[in-house]
Undergrad: 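Dropping a structure here in structure tokens format, bear with me for questions.
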Amino acid sequence: QIFNSNYFLTNDTYNNLNKYEQLINHNDTYDNFLIKYLQYYTFYGNDWISQLNIFNHYIYHQIMYVTGGTGTGIDASEKNIKVAQIHSRKSNLKINYFNKSPEQLKKLNKYDVILNLEIVEHVDNVNLYIKSCHNLLKKDGLMFTATLNRSLMSYLKAIIGAEYVLRWLPIGTHDWNKFIKPEELEQFLLNEKFSTIDIKGLEFNPLTNKWKRSNNLAVNYIICSSKN
């Protein structure tokens with residue numbers, strides 16, 4: 001249902017879905033990273049919560065759902081929530097969606113897993129955001145945070161390349177000044193009593209037209225951390 005995900009969450013037509021091919025391949029690379037850790041940690045009976053984004057990682061919601069977890073999706077955009085709800089109904093998935101940010105949720109709700117995938121680079125107050133996520137996570141729970149490094153290479157590839165040249169994303173999707181260096185994000189997490197379990201980069205190979213995980217954190221990267 002990957003193509004359905006992009007169709008609903010971009011309000012695009014099926015005839016234009018080929019332009020999202022690299023976003024889909026990019027998401028597949030994240031999938032493998034999530035599954036690597038979730039297979040040892042969560043499945044039946046556990047609760048997860050995930051932020052949405054413009055192209056959404058709704059496919060991750062499906063992964064979490066079919067493995068037996070119960071889930072919640074949140075976003076500050078009412079439009080994103082509405083299209084996710086449409087997709088959920090069409091896919092017969094029982095996922096709760098709320099038009100809220102993490103700090104607006106009740107602290108009494110605690111989750112086993114939090115997915116923050118390409119969200120923090122759009123947040124004005126990262127400290128508050130990470131703290132709010134900490135309040136929503138159970139002790140020893142896992143949080144996955146994927147974002148973009150603030151480097152010359154990320155400006156060239158993620159903004160000039162992806163937005164202006166290849167048009168994988170609408171122009172203006174990202175603000176390079178909001179990109180976060182890995183060491184900065186790790187410090188944000190450490191300040192809120194998170195421990196880093198693993199960190200990996202994502203690289204695009206134009207020769208194979210595929211994304212892969214790597215130790216190169218220059219552009220895209222993802223951190224798996226646990227709440228102490």
Undergrad: K210 versus N205: any side-chain heavy-atom pair under 4.5 Å?
TA: no

Undergrad: Once you measure the plane-to-plane angle for W211 and F204, does it fall in the parallel (<30°), tilted (30-60°) or perpendicular (>60°) bin?
TA: tilted

Undergrad: Verify whether one side chain among N149 and S154 offers a donor that lies under 3.5 Å from an acceptor in the other.
TA: no

Undergrad: If every non-hydrogen atom of S226 is compared with every non-hydrogen atom of I197, which pair is closest and at what distance?
TA: CB-CD1, 3.9 Å

Undergrad: Check whether any side-chain N or O of K200 sits under 3.5 Å from a backbone N or O of R213 as a donor-acceptor pair, and report yes or no.
TA: no

Undergrad: Do T147 and N116 come close enough that some side-chain heavy atom pair is under 4.5 Å?
TA: no

Undergrad: CG of N125: more than 12 outside heavy atoms within 6.0 angstrom?
TA: yes

Undergrad: Show the nearest heavy-atom pair for residues A218 and N216, with the distance to one decimal.
TA: N-OD1, 3.0 Å

Undergrad: Do you know which of N215, L185, L202, T145 makes side chain to side chain contact (heavy atoms under 4.5 Å, CB included) with Y221?
TA: L185

Undergrad: If you look at every heavy atom in F188 and I180, which pair is closest and at what distance?
TA: CE1-CG2, 4.4 Å

Undergrad: Is there a side-chain contact between W176 and L148 (heavy atoms, below 4.5 Å)?
TA: no

Undergrad: Around K157, counting heavy atoms of other residues, nucleotides and ligands shown, do more than 12 lie under 6.0 Å from its NZ?
TA: no

Undergrad: Which heavy atom in I81 sits nearest to a heavy atom in D75, and how many Å separate them?
TA: CD1-N, 3.6 Å

Undergrad: Give me the atom names and distance for the closest heavy-atom approach of C133 to M143.
TA: CB-SD, 3.7 Å

Undergrad: Does any pair with a residue in residues 168-185 pass salt bridge (Lys or Arg N to Asp or Glu O under 4.0 Å), and if so which ones, sequence neighbours excluded?
TA: D124-K178, R150-E184

Undergrad: Provide the closest heavy-atom pair for A76 versus N99 in the form atom of the first, atom of the second, distance.
TA: O-ND2, 3.1 Å

